[in-house]
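Report on the following structure.
Reminder, nothing fancy here: chain letters follow the sequence lines and each chain counts from 1.
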Protein chains: 2
Amino acid sequence: MLQSHQYLRQFSIKPSVQRSAVMNFLMKNRIHPTIDEIYMALVPTMPTLSKTTVYNTLDLFVEKGAVQALVIDGRNARYDVNISAHGHFMCKSCGKIHDVFDLDASMFKLPETTDFKIDSVDVSYFGVCKSCQGN
Amino acid sequence: MLQSHQYLRQFSIKPSVQRSAVMNFLMKNRIHPTIDEIYMALVPTMPTLSKTTVYNTLDLFVEKGAVQALVIDGRNARYDVNISAHGHFMCKSCGKIHDVFDLDASMFKLPETTDFKIDSVDVSYFGVCKSCQGN
DNA sequence: TTATTTATTGTTATGATTACAAAGATATAG
DNA sequence: CTATATCTTTGTAATCATAACAATAAATAA
Ligand SMILES: [Mn+2]
Ligand SMILES: [Mn+2]
Ligand SMILES: [Zn+2]
Ligand SMILES: [Zn+2]
């Protein structure tokens with residue numbers, strides 16, 4: 001499997017200890033985590049880690065195109081190391097965010113409107129996930 | 001043109017003075033405003049208006065289905081009285097949000113995945129708008 | 001080594017949203 | 001009409017995510 005520091009170099013990001021740790025977490029926990037979730041997961045083994053560094057790191061990753069930021073959650077920014085075109089589903093009940101891969105590729109085509117220079121597309125679904133439907 | 005208080009009654013919302021004013025603003029200013037923009041626009045002519053009331057009012061409108069909340073802006077919630085299926089474009093430079101109507105209807109069809117009970121779909125584009133491309 | 005750049009940290013500020021209780025307005029029963 | 005219950009608005013305070021900023025530390029270049 002591709003190591004986090006190798007992946008970072010592909011995007012011209014110098015792999016510091018903190019950056020590698022954040023990227024490693026993203027690669028192994030593909031749950032679209034928030035800044036706080038990343039920080040809370042890493043700080044036990046990196047006691048000097050600052051949340052500011054997590055913010056800086058993710059901003060850099062997005063700027064360099066190594067991860068994508070999701071705006072599906074109105075409250076927090078969420079991050080996805082899978083930068084391929086795919087949709088997301090957010091459960092209104094448990095808040096978990098799932099990938100939606102079975103979308104037609106045309107979903108991510110740009111519309112005919114030429115007034116805008118479009119860089120990225122977000123396709124977001126909202127509803128109730130399987131395990132929450134029982135409640 | 002449909003009056004705001006008539007529109008509210010269609011969604012079983014009692015039209016108080018504040019609610020009608022907020023809805024009237026949304027109907028006449030289809031710019032996907034934030035809570036703060038709505039409050040700032042109304043408070044000069046309604047000096048006792050509370051921002052809490054604007055929050056409560058928009059929450060009620062969304063709950064009753066009279067407006068849709070957009071998550072395209074990571075910072076603020078934005079509201080749209082146009083509840084038909086259409087996409088949005090956000091300019092990274094000026095922050096303005098434009099409607100994208102020329103999307104195929106299939107964009108808003110639900111995917112084959114049956115594990116999720118899907119209530120709504122958001123299609124959001126990000127980039128630079130025409131007038132900001134000159135800079 | 002020394003100077004310069006880059007990365008990380010901690011503190012503080014800002015701004016959006018929520019929680020909650022009090023006050024005011026409206027509707028309804030008697 | 002008047003009392004009572006319900007709905008609506010208001011104000012304050014708390015919470016929480018994020019940004020700004022300066023100080024420290026580490027890495028790199030000269
Ligand atoms: Mn994903
Ligand atoms: Mn719109
Ligand atoms: Zn769920
Ligand atoms: Zn613009």
A:Lys92, NZ atom: more than 12 neighbouring heavy atoms under 6.0 Å: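 Check passes, neighbour count above 12.
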
Tell me, yes or no, whether the heavy-atom count around A:Arg30 atom CZ, taken from other residues, nucleotides or ligands under 6.0 Å, exceeds 12.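 More than 12 within 6.0 Å, yes.
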
Please report the distance, rounded to the nearest Å, between [atom1] in [X] and [atom2] in [N].
X	N	atom1	atom2	value
A:Phe61	C:dA7	CZ	P	11 Å
B:Tyr39	C:dT17	OH	C1'	15 Å
B:Met40	C:dG15	CE	P	10 Å
A:Asp73	C:dA16	CG	P	17 Å
B:Met46	D:dT8	CE	P	15 Å
A:Glu63	C:dA7	CD	P	11 Å

Is the distance between the ring centroids of A:His98 and A:His88 less than 6.0 Å?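 Centroid distance A:His98-A:His88: not below 6.0 Å, so no.
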
Hey, does B:Ile72 have a side-chain heavy atom less than 4.5 Å from the side chain of B:Ile97?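 Of all side-chain heavy-atom pairs linking B:Ile72 with B:Ile97, at least one is under 4.5 Å.
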
Nucleotide-resolved protein contact map, nucleotides 11-30 of chain D, B/S/- at heavy-atom distance under 4.0 Å: BB----SBSB----------

Side-chain H-bond candidate by donor/acceptor type, B:Ser84 with B:Asn82, under 3.5 Å: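 Note: B:Ser84 and B:Asn82 side chains meet the donor-acceptor criterion.
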
Whether the A:Asp80 and A:His86 side chains hold a donor-acceptor pair (N or O, under 3.5 Å, no angle test) is what I'd like checked.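 Yes.
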
If only side-chain N and O atoms of A:Ser16 are considered, is one of them under 4.0 Å from the OP1 or OP2 phosphate oxygen of C:dA7?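 Looking at the OP1 and OP2 atoms of C:dA7, neither is under 4.0 Å from any side-chain N or O of A:Ser16.
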
